[in-house]
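Single-structure report; data block below.
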2 protein chains.
Amino acid sequence: MIKKRNTPSKNEVLAVLKANKTAMSQDELEKILKDKMDRVTIYRILYSFCDDGILHKVMSDEGKTYFALCHDCEQGHHHDSHFHFRCTNCNTIECLNATLSLNLPKNYIQKEVNLMVSGLCAKCVA
Amino acid sequence: MIKKRNTPSKNEVLAVLKANKTAMSQDELEKILKDKMDRVTIYRILYSFCDDGILHKVMSDEGKTYFALCHDCEQGHHHDSHFHFRCTNCNTIECLNATLSLNLPKNYIQKEVNLMVSGLCAKCVA
DNA sequence: GTAACTGCAAAATATTTGCATCCTT
DNA sequence: AAGGATGCAAATATTTTGCAGTTAC
């Protein structure tokens, strides 16, 4: 087991993520942080955080990668259901509350549920 | 409007997709078709079919791109709900039947719903 | 004959790794 | 001091485009 360390870079990344309530793409994070650290460092920190269970990696229905703080998850104990809403106009991704009833075929074992709804958020409707 | 043509390559691609009931990744298609045509040709045919409404482009929760025939969609008239099951063992993706009740926040407009459940399919459980 | 299609090459992007140096513990 | 973290470079992989020759209509 690798022992992780507490560094300024990691704290910067965390701060940005905490300031944003929505999931952020690596692009967005790079735009904000590019003066303070290297792209590769951001890349490594993000994936490291995912390993630690601090972040979720979220795939949008467009195939883009987003990262979101695991507000509801304890470390190393992710929820297995991820419901998100992507606004096709402002491209923000938010967590969604939804109830879902699934009829899986017989003998199927469900591990993860990933629901991505896209459309327009309230701000972009107005 | 571009007038599409009927070519052997396109028919090959269609034949392979029809032979498979599940969604296929570009990789898989390339493996099967590489002797008959170029990768780029496959790429262009797939995206061309998507334009035509013959294929769905499906993103897995892992970020991989899959293509599936639109069995239920008429040309140019996609369903806006795509429910899929990805087996983490054999990596096949199947269409899923599920009912879903969403509580979107106020004023949100829903365009597309994309549900990806991953787990083990019946074959891989046994 | 016209314009879409194809193959090959390569440009443009994105992802990932190596390694020397720096910094946390 | 030891070993994880970072920056820079570069290797890999992926996606996309250009163009000349080919083929469907």
Side-chain angles (χ1 to χ4, degrees), chain A residues 1-18 23-69 75-76 86 91 93, chain B residues 1-18 23-68 75-76 86 91 93 116:
Chain A
M1 182 64 180
I2 299 168
K3 202 148 192 188
K4 303 293 177 76
R5 284 178 188 170
N6 207 4
T7 66
S9 295
K10 290 186 179 179
N11 290 329
E12 298 266 18
V13 173
L14 264 188
V16 172
L17 284 162
K18 277 180 183 159
M24 300 181 74
S25 66
Q26 198 176 336
D27 290 355
E28 292 176 279
L29 283 159
E30 275 173 13
K31 261 183 219 155
I32 298 172
L33 292 166
K34 63 167 173 245
D35 302 324
K36 304 191 174 171
M37 71 193 76
D38 195 75
R39 325 179 99 227
V40 179
T41 301
I42 300 175
Y43 167 84
R44 282 194 266 227
I45 288 175
L46 290 173
Y47 280 88
S48 159
F49 280 169
C50 285
D51 277 352
D52 302 342
I54 299 171
L55 288 182
H56 282 309
K57 186 183 172 193
V58 183
M59 297 301 310
S60 79
D61 48 357
E62 302 281 305
K64 241 187 149 184
T65 308
Y66 289 75
F67 295 90
L69 280 174
Q75 288 217 357
R86 178 175 63 89
N91 253 320
I93 291 194
Chain B
M1 183 65 183
I2 298 167
K3 201 152 195 184
K4 303 293 178 72
R5 284 176 188 171
N6 206 3
T7 66
S9 297
K10 290 186 179 179
N11 289 329
E12 297 265 20
V13 173
L14 263 188
V16 172
L17 283 162
K18 276 179 184 159
M24 300 180 75
S25 65
Q26 198 176 335
D27 290 355
E28 292 176 280
L29 283 158
E30 275 173 13
K31 260 183 220 154
I32 297 171
L33 292 165
K34 64 168 174 246
D35 303 324
K36 305 191 173 172
M37 70 194 77
D38 195 74
R39 324 180 100 228
V40 179
T41 301
I42 300 174
Y43 168 85
R44 282 194 267 228
I45 288 176
L46 290 174
Y47 281 88
S48 159
F49 280 167
C50 284
D51 278 352
D52 302 343
I54 299 171
L55 287 183
H56 283 307
K57 187 183 172 192
V58 182
M59 297 301 311
S60 79
D61 47 359
E62 302 280 306
K64 241 187 148 185
T65 308
Y66 289 75
F67 296 89
Q75 287 218 358
R86 177 175 65 86
N91 253 319
I93 291 193
M116 178 70 66

Self-check item: Atom-pair distance (OH on B:Tyr66; C1' on D:dT14), nearest Å
Solution: 16 Å
Quiz item: When you check every protein heavy atom under 4.0 Å of nucleotides 5-13 of chain C, what one-letter string (B, S, -) results, 5' to 3'?
Solution: SSBBB----
Exercise. Could you tell me the separation between the CG atom of B:Leu46 and the P atom of D:dT14, rounded to a whole number of Å?
Key: 16 Å
Self-check item: Audit row: A:Ile45, A:Leu14, side chain to side chain contact (heavy atoms under 4.5 Å, CB included) steps and yes/no
Solution: CA-CA 10 Å; A:Ile45 288 175; A:Leu14 264 188; over 6 Å; no
Self-check item: d(CG, A:Asp51; P, D:dG4) in whole Å
Solution: 14 Å
Practice problem: Assess whether side chain to side chain contact (heavy atoms under 4.5 Å, CB included) is satisfied between A:Gln26 and A:Thr65, documenting all intermediate values. | Solution: CA-CA 7 Å; A:Gln26 198 176 336; A:Thr65 308; 5.8 Å; no
Quiz item: Minimum heavy-atom separation for B:Leu29 to B:Ile42, with atom names?
Solution: O-CD1, 4.3 Å
Quiz item: For the helix from C:dG1-D:dC25 to C:dT25-D:dA1, what is the angle between the axes at its two ends, each from 5 pairs, rounded to 10°?
Solution: 40°
Quiz item: How many Å lie between NZ on B:Lys64 and P on C:dT15, as a whole number?
Solution: 16 Å
Practice problem: Can you see which heavy atom on A:Met59 is nearest to which on B:Asp61, and at what distance? | Solution: CG-O, 3.1 Å
Exercise. Calculate the interatomic distance between B:Asn11 atom CG and D:dT23 atom C1'; express it in whole Å.
Key: 14 Å
Quiz item: When you check the gap from the basic side-chain N to the acidic O, do B:Lys4 and B:Asp51 get nearer than 4.0 Å?
Solution: no
Self-check item: Phosphate OP1/OP2 of D:dT15 contacted by B:Tyr43 side-chain N/O (<4.0 Å)
Solution: no
Exercise. Begin with the C-alpha distance, continue with both residues' side-chain angles, and end with the deciding distance and a verdict on side chain to side chain contact (heavy atoms under 4.5 Å, CB included) for B:Glu30 and B:Tyr43.
Key: CA-CA 9 Å; B:Glu30 275 173 13; B:Tyr43 168 85; 5.8 Å; no
Exercise. Report the distance from atom CG of A:Leu33 to atom P of D:dA5, rounded to the nearest whole Å.
Key: 18 Å
Self-check item: Polar side-chain atom of B:Lys10 near backbone of B:Arg5 as donor-acceptor pair, under 3.5 Å
Solution: yes
Quiz prompt | Separation of atom CZ in A:Phe49 from atom C1' in D:dG4, rounded to whole Å | solution = 14 Å
Quiz prompt | Check against side chain to side chain contact (heavy atoms under 4.5 Å, CB included), B:Asn91 and B:Glu28 | solution = CA-CA 11 Å; B:Asn91 253 319; B:Glu28 292 176 280; over 6 Å; no
Self-check item: Between D:dA24 (C1') and B:Glu12 (CD): distance, integer Å
Solution: 16 Å
Practice problem: Considering non-hydrogen atoms only, spot the tightest contact between B:Tyr66 and B:Ser25 and give its length. | Solution: CD2-N, 3.5 Å
